[in-house]
Amino acid sequence: MVHLTADEKSLVSGLWSKVNVDEVGGEALGRLLVVYPWTQRFFDSFGDLSSPDAVMGNPKVKAHGKKVLNSFSDGLKNLDNLKGTFAKLSELHCDKLHVDPENFKLLGNVLVCVLARHFGKQFTPQAQGAFQKVVAGVANALAHKYH
Amino acid sequence: MSLTKAERTVILSMWDKISAQADAIGTEALERLFASYPQTKTYFPHLDLRPGSAHLRVHGAKVVAALGDAVKSIDNIAGALAKLSELHAYILRVDPVNFKLLSHCLLVTVASHFPADFTADAHTAWDKFLSIVSCVLTEKYR
């Protein structure tokens, strides 16, 4: 369970309401693949990932980033039950996708960097602290059903 | 892991902007570290870590100055940070996991101050550079 104070909840929902989830999703996933290129191992079918420009412009990366972040967005509506919310996805990532949960932490931190870039000064240390709790909670929930 | 020529260029080109706000950036990175990872405060019982404190500013400035030393000797970071490496290994003994946390907070600070410069390429270069600095600072631990 993620324990956010009332202030933190309002920081998170306040900032998130201004996020273009589709775009930020594409940017976060793209940066994951560029900054940590070994993460490309899961995306052989995505086509051209040969350069940062190719990755950031790749339509499959954008589409998948959109999917991932919309799912993350659902989690934000259920901070009191992230494990329940992500149970099925957790099983999928373990049994079918075979993704090391370390990758969830990497993506969470990349997302925080992208939010900082978009919000600048508004992404205060307190706001970051709140989001770090959220991304850690989501990462844990996605790893919860691994066996 | 070492920096490509292109990555060195990116870092050098952004460094002027960063060093112009060195104190603010160092201070902010530390504030972010303590806000997101409160356990890191355990290394500073002797300092006043409240946002705005003089201690925080002095220490933040120190951190960014050290990064500046690494940038100025970007081809020999181990040489530039040799003394700091010994300090961390024998005196400070900060658990290695914390270098990743501070590195992340430095990235977040740079991203928030320089959104246009913080492209995916720049993000990669800075992440690598900070990883290298972290390695140098922990390489004498045992």
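By convention in this document, chain letters (A, B, ...) are assigned in the order of the sequence lines, proteins followed by strands, and residues within each chain are numbered from 1.
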For A/T124, which atoms come within 4.5 Å of any heavy atom of chain B: side chain, backbone, both, or neither? backbone
Contact origin within A/Y36 toward chain B - heavy atom pairs under 4.5 Å: side chain
Report which part of B/F34 has an atom under 4.5 Å of a heavy atom belonging to chain A: side chain, backbone, both, or neither. neither
Contacting region of A/F123 [heavy-atom separation from chain B under 4.5 Å]: both
Return the orientation label for the B/F44 and B/H59 ring planes: parallel under 30°, perpendicular over 60°, tilted otherwise. perpendicular
Check the angle between the aromatic planes of A/F72 and A/W16 and answer parallel, tilted or perpendicular using the 30° and 60° thresholds. tilted
Looking only at side-chain N and O atoms, does B/N98 offer a donor or acceptor that is under 3.5 Å from a partner on B/Q39? no
Quick check for you: among A/G129, A/P125, A/C113, which has the greatest number of heavy-atom pairs under 4.5 Å with chain B? A/P125
Evaluate the ring planes of A/F46 and A/H64, with Trp represented by its six-membered ring, and classify them as parallel (under 30°), tilted (30 to 60°) or perpendicular (over 60°). perpendicular
I'd like to know if B/K83 and B/E86 make a salt bridge, using a cut-off of under 4.0 Å between side-chain N and carboxylate O. no
Counting only heavy atoms closer than 4.5 Å, note whether B/H123 contacts chain A via side chain, backbone, both or neither. both
Would A/R117 and A/E27 pass as an ion pair if we require N to O under 4.0 Å? yes
Flag the one option from B/L33, B/T109, B/T119, B/V110 with the top tally of heavy-atom pairs under 4.5 Å to chain A. B/T119
Looking at chain B, which one of A/D53, A/V55, A/V34 has the largest number of heavy-atom pairs inside 4.5 Å, strictly under? A/V34
